[in-house]
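The structure presented is a predicted model; accordingly, all values stated were derived computationally and were not measured.
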Amino acid sequence: MRRFHESLQKWVGTRILGPVLVLSLSMGLVAGCGTRDAARSDAKSEAGISDSTAPVPPDSLKETHAGCQWGEIRAGETSIWRFTCARSDIVADENLPGFLREDVLEDGTRVRNVVVQIFAKAADEPIEAILPALRAASPGVGTESCALEASGEGRYVFVPTGEARQLYDKFLNGSAEGPSMPCGIWGPSEAGQRAVFPVPGSNEKVAAVDFGTDPPLHDFRTLKSVAN
């Protein structure tokens, strides 16, 4: 602002308005910026939005959730951006830790489903170090043999192996009625896709993310590690 004032004085004060008016204009601009910044900060605070530059959501999500509010939410020293709508939102759960999608039904019933769960490991450990915790969080008929398999772009999928894989393949080709979710909620399913990947900004956090079957409220690309 000091640089702006000096530039304004040089350009305006010496040519047209005079030093006094320049000072008035500068003070007015400072006061106006302060008022606008304070109002903007209050609005962000109410929405759970940080002071950092807001990421831009994909056009598909903006169109689907037109009229909803775009904002940041934090849990377990991680942050994600999502849309808050009249009856749907993403809420933090420090016990996971992670994030849940909450939908309010017509009768007022609240339905919650996990969309992001954060797992911890040592900084020098491979991503497979989370397998015991991932298996515990995702019980299924074949979970004990389910493993992480690279799927590209730094992501992994939690898939059955061995006999559990053979049984699941039979289900997929229609020769068996199940199991449809051999690795539990974080494994393969007919309803949507899931992925496991390191949380950007941390060597100690790994996220399991449910992309859902419909356009999600959250943008998984905005997930990152943040300090409390």
Subject >> Note: Glu72-Arg74 ion pair, threshold 4.0 Å (strictly below) >> reply: yes
**OP:** Apply side-chain hydrogen bond (donor to acceptor under 3.5 Å, both in side chains) to Arg101 and list each qualifying residue two or more places apart in sequence or on a separate chain.
**Re:** Asp103
Subject >> Side chain to side chain, Val206 and Val196, heavy atoms closer than 4.5 Å >> reply: yes
**OP:** Apply side-chain hydrogen bond (donor to acceptor under 3.5 Å, both in side chains) to Asn173 and list each qualifying residue two or more places apart in sequence or on a separate chain.
**Re:** Ser175
Subject >> Minimum heavy-atom distance Ala120-Ile130, with the two atoms named >> reply: O-CG2, 4.0 Å
Subject >> Between CZ on residue Arg82 and OG on residue Ser88, distance to nearest 0.5 Å >> reply: 12.0 Å
Subject >> Any residue meeting ring-ring contact (aromatic ring centres under 6.0 Å, His included) with Phe158, in chain and number order, not counting sequence neighbours >> reply: none
**OP:** Could you tell me whether the side chain of Val115 reaches within less than 4.5 Å of the side chain of Ile90, counting heavy atoms only?
**Re:** yes
Original post:
Under 3.5 Å, is there a donor-acceptor pair between the side chain of Glu149 and the main chain of Tyr156?
Top reply: no
Original post:
For the side chain of Lys224 and the backbone of Ser202, is there at least one donor-acceptor N/O pair under 3.5 Å apart?
Top reply: no
**OP:** Over all heavy atoms of both residues, which pair between Arg87 and Leu105 is shortest? Give the atoms and the distance, please.
**Re:** NH1-O, 3.1 Å
Subject >> Shared hydrophobic cluster for Phe197 and Trp81 (ILVMFWY, side-chain gaps under 4.5 Å) >> reply: yes
Original post:
Quick check: does any side chain N or O of Thr161 sit under 3.5 Å from a backbone N or O of Ser145, one acting as donor and the other as acceptor?
Top reply: yes
Subject >> Among Ile80, Asp89, Thr78, Thr84, the one residue meeting side chain to side chain contact (heavy atoms under 4.5 Å, CB included) with Ile73 >> reply: Ile80
**OP:** Determine whether Val157 and Phe119 fall in the same hydrophobic cluster, where Ile, Leu, Val, Met, Phe, Trp and Tyr are linked whenever their side-chain heavy atoms lie under 4.5 Å apart.
**Re:** no
Original post:
When rounded to the nearest 0.5 angstrom, what distance separates CZ in Phe99 from CD1 in Ile118?
Top reply: 6.5 Å
Subject >> Where Thr143 and Gly184 come nearest, the two heavy atoms and their spacing >> reply: OG1-N, 4.0 Å
**OP:** Taking all non-hydrogen atoms of both residues into account, name the closest pair between Leu100 and Leu96 and its distance.
**Re:** CD2-CD1, 3.7 Å
Original post:
Do other residues, nucleotides or ligands put more than 12 heavy atoms under 6.0 Å from Glu94 CD?
Top reply: yes
Validation: residues 55-64 side-chain donor-acceptor distances under 3.5 Å, sequence neighbours left out:
unit_1, atom_1, unit_2, atom_2, d
Asp59, OD1, Lys62, NZ, 3.4
Thr64, OG1, Ser60, O, 2.8

Original post:
Listed by chain and number, what are the ring-ring contact (aromatic ring centres under 6.0 Å, His included) partners of Phe220, not counting sequence neighbours?
Top reply: Phe211
Subject >> His65 side chain vs Pro216 backbone, donor-acceptor pair below 3.5 Å >> reply: yes
**OP:** Determine yes or no for a side-chain-to-main-chain donor-acceptor pair under 3.5 angstrom, with Arg194 supplying the side chain and Gly192 the backbone.
**Re:** yes
Original post:
Is the backbone of Pro200 close enough, under 3.5 Å, to the side chain of Ser225 for a donor and an acceptor to pair up by distance?
Top reply: no
Subject >> Over all atoms of both residues, closest heavy-atom pair of Asp93 and Ala75 >> reply: N-CB, 4.2 Å
Original post:
So do Asn113 and Asp210 actually touch side chain to side chain, heavy atoms under 4.5 Å?
Top reply: no
Original post:
Around atom CD of Gln193, are there more than 12 heavy atoms of other residues, nucleotides or ligands at under 6.0 Å?
Top reply: no
Original post:
Does a side chain donor of either Ser180 or Glu190 reach within less than 3.5 Å of an acceptor in the other side chain?
Top reply: no
Original post:
Are Leu148 and Tyr168 co-members of a hydrophobic cluster defined by side-chain heavy atoms under 4.5 Å apart?
Top reply: no
Output side-chain donor-acceptor pairs under 3.5 Å for residues 131-141, partner residues at least two apart or in another chain, one line each.
unit_1, atom_1, unit_2, atom_2, d
Arg135, NE, Cys146, O, 3.1
Arg135, NH2, Cys146, O, 2.9
Ser138, OG, Cys183, O, 2.5
Ser138, OG, Ile185, N, 3.0
Ser138, OG, Trp186, N, 2.9

Subject >> Nearest heavy-atom neighbours spanning Lys205 and Gly76 >> reply: CE-O, 3.5 Å
